[in-house]
Amino acid sequence: ALDCTWQNRQYISSGKLVLTDLKPVAASPDLALSLALLSDSNGTIDLPFNFSRTAPVAKTDLVEELFTTLQRQLLKGSVSPLLLASGDFTDLIGNEFIEFRPGEFIFTDNGQKILSRYAALLLAHPNVGLVLSGGVNKDIDGQAMKKNLAAVEQLRVDKENEELFKKWQEQRALYLKKLDERQKNDEPNETIFEQDIPAEILTEFKPLQPVPVVVGEAMLLELAHKRIDNIYQYLTTQQAIQAERISTVSPDSLSDKPAKLPNGVAIALTALNQ
């Protein structure tokens with residue numbers, strides 16, 4: 001569709017270029033993603049244009065202008081595909097991971113917010129999917145898990161020590177009571193008796209010590225899998241995103257460079273059926 005008007009001594013051309021089933025000639029994931037973000041559920045791209053000239057636009061010039069308009073859009077996609085998304089999703093630029101509480105598989109408030117925005121992006125762009133990967137930082141999560149597990153172990157030991165101390169006190173009190181009763185019963189005869197005192201009565205109470213906590217690779221990998229699954233379940237169950245639009249890449253080993261990893265699950269956009 002093309003509308004041309006004469007205004008302020010200029011020819012103003014505006015309209016909409018409709019492209020259908022547009023695909024890159026060569027395999028290019030970046031270009032495929034840009035086209036997926038521009039197209040609707042039917043694979044159609046509506047590209048609005050508006051430009052002005054001092055003279056009527058020739059057909060060849062019009063084609064060049066339309067081609068330039070498309071190139072500008074694709075150039076924006078090379079900077080960040082999110083710039084091509086319908087609606088404003090620029091807040092997701094630089095937020096390519098979902099954050100979790102250290103050592104846990106519960107979203108942080110910001111992580112929940114970012115995930116909700118990605119869900120909205122998917123609902124608005126039916127030709128786009130997500131790839132979930134990573135999921136754990138062995139330094140951040142390892143230290144947090146160790147701290148949390150050590151606290152749990154301390155609570156367990158404190159509770160057990162409380163029960164053992166109570167039992168020790170009861171045994172000691174019972175022994176002393178029996179000893180006192182026997183002494184009273186023997187006083188009239190002024191009998192002197194000897195009796196070995198049990199070792200557990202003479203020994204002071206010794207509390208149990210917490211078992212040292214060790215966070216191994218298997219525990220951290222399990223955390224990563226749970227985090228990825230949490231995101232998958234949220235998107236497919238609560239947001240009703242089709243399962244085939246979510247790909248997961250669960251780690252089978254830990255990175256040797258955790259300082260470069262986020263404390264959460266990496267999230268990337270991908271074009272479906274590319």
Side-chain angles (χ1 to χ4, degrees), residues 29-30 32-33 36 80-82 89 91-156 210-274:
D30 292 339
L33 177 57
S80 173
L82 291 167
F89 291 96
D91 58 308
L92 293 179
I93 297 175
N95 286 310
E96 289 85 13
F97 73 96
I98 305 302
E99 187 181 57
F100 288 78
R101 296 180 185 175
E104 303 178 24
F105 51 88
I106 300 174
F107 303 120
T108 63
D109 291 342
N110 186 61
Q112 180 69 67
K113 176 183 176 182
I114 295 301
L115 182 56
S116 297
R117 293 289 290 147
Y118 272 106
L121 177 69
L122 290 184
L123 292 172
H125 299 84
N127 300 310
V128 174
L130 293 181
V131 179
L132 309 176
S133 61
V136 70
N137 183 304
K138 71 176 183 180
D139 284 349
I140 297 174
D141 292 311
Q143 292 174 10
M145 288 181 71
K146 186 174 182 179
K147 181 179 179 180
N148 293 340
L149 291 173
V152 172
E153 171 64 8
Q154 186 64 58
L155 288 174
R156 180 194 70 80
V211 176
V213 173
V214 177
V215 177
E217 181 172 316
M219 296 174 67
L220 289 167
L221 291 176
E222 182 182 5
L223 176 63
H225 297 168
K226 286 183 177 180
R227 285 175 167 179
I228 290 175
D229 187 61
N230 259 17
I231 296 177
Y232 180 87
Q233 294 300 328
Y234 171 82
L235 293 172
T236 58
T237 303
Q238 297 188 38
Q239 296 293 335
I241 305 294
Q242 298 92 329
E244 58 269 20
R245 296 177 66 187
I246 313 298
S247 301
T248 61
V249 183
S250 297
D252 53 13
S253 62
L254 299 177
S255 172
D256 293 329
K257 299 179 180 179
K260 297 183 178 180
L261 296 177
N263 179 34
V265 174
I267 192 165
L269 300 176
T270 185
L272 301 178
N273 304 318
Q274 54 178 291

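Quick note: residue numbers are just sequence positions, from 1. Note that the structure is a prediction, hence the values are computed from the model and not measured.
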Donor-acceptor pair, R245 side chain versus V128 backbone, under 3.5 Å?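 Here the side-chain-to-backbone pair exists.
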Measure from the side-chain N and O atoms of E96 to the backbone N and O of G94, and report whether any donor-acceptor pair falls under 3.5 Å. yes
Within a strict 4.5 Å, meaning less than it, do heavy atoms of the [X] and [Y] side chains meet?
{"X": "N230", "Y": "V265", "result": "no"}
{"X": "L121", "Y": "L130", "result": "no"}
{"X": "I241", "Y": "L123", "result": "yes"}
{"X": "L82", "Y": "L269", "result": "yes"}
{"X": "N148", "Y": "E104", "result": "yes"}
{"X": "F89", "Y": "H125", "result": "yes"}
{"X": "H225", "Y": "D229", "result": "no"}
{"X": "Q143", "Y": "K146", "result": "no"}

Inter-residue atom distance [X].[atom1] - [Y].[atom2], 0.5 Å rounding:
{"X": "I114", "Y": "F107", "atom1": "CD1", "atom2": "CZ", "result": "12.0 Å"}
{"X": "R117", "Y": "L122", "atom1": "CZ", "atom2": "CG", "result": "11.5 Å"}
{"X": "F97", "Y": "I231", "atom1": "CZ", "atom2": "CD1", "result": "11.0 Å"}
{"X": "L272", "Y": "T270", "atom1": "CG", "atom2": "OG1", "result": "7.0 Å"}
{"X": "R227", "Y": "E99", "atom1": "CZ", "atom2": "CD", "result": "9.5 Å"}
{"X": "F105", "Y": "E222", "atom1": "CZ", "atom2": "CD", "result": "8.5 Å"}

Quick check on side-chain contact (heavy atoms from CB on, under 4.5 Å): which of T108, N110, L115 does I98 satisfy it with? L115
Give the minimum heavy-atom separation between [X] and [Y], together with the two atoms involved.
{"X": "P251", "Y": "L221", "value": "O-CD2, 3.9 Å"}
{"X": "S116", "Y": "Y234", "value": "OG-OH, 3.1 Å"}
{"X": "N127", "Y": "A36", "value": "O-CB, 3.5 Å"}
{"X": "V249", "Y": "I228", "value": "O-CD1, 3.8 Å"}
{"X": "Q154", "Y": "P210", "value": "OE1-CG, 3.1 Å"}

Is a salt bridge present between D91 and K113, judged by a nitrogen-to-oxygen distance below 4.0 Å?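 So D91 does not pair with K113 through a salt bridge.
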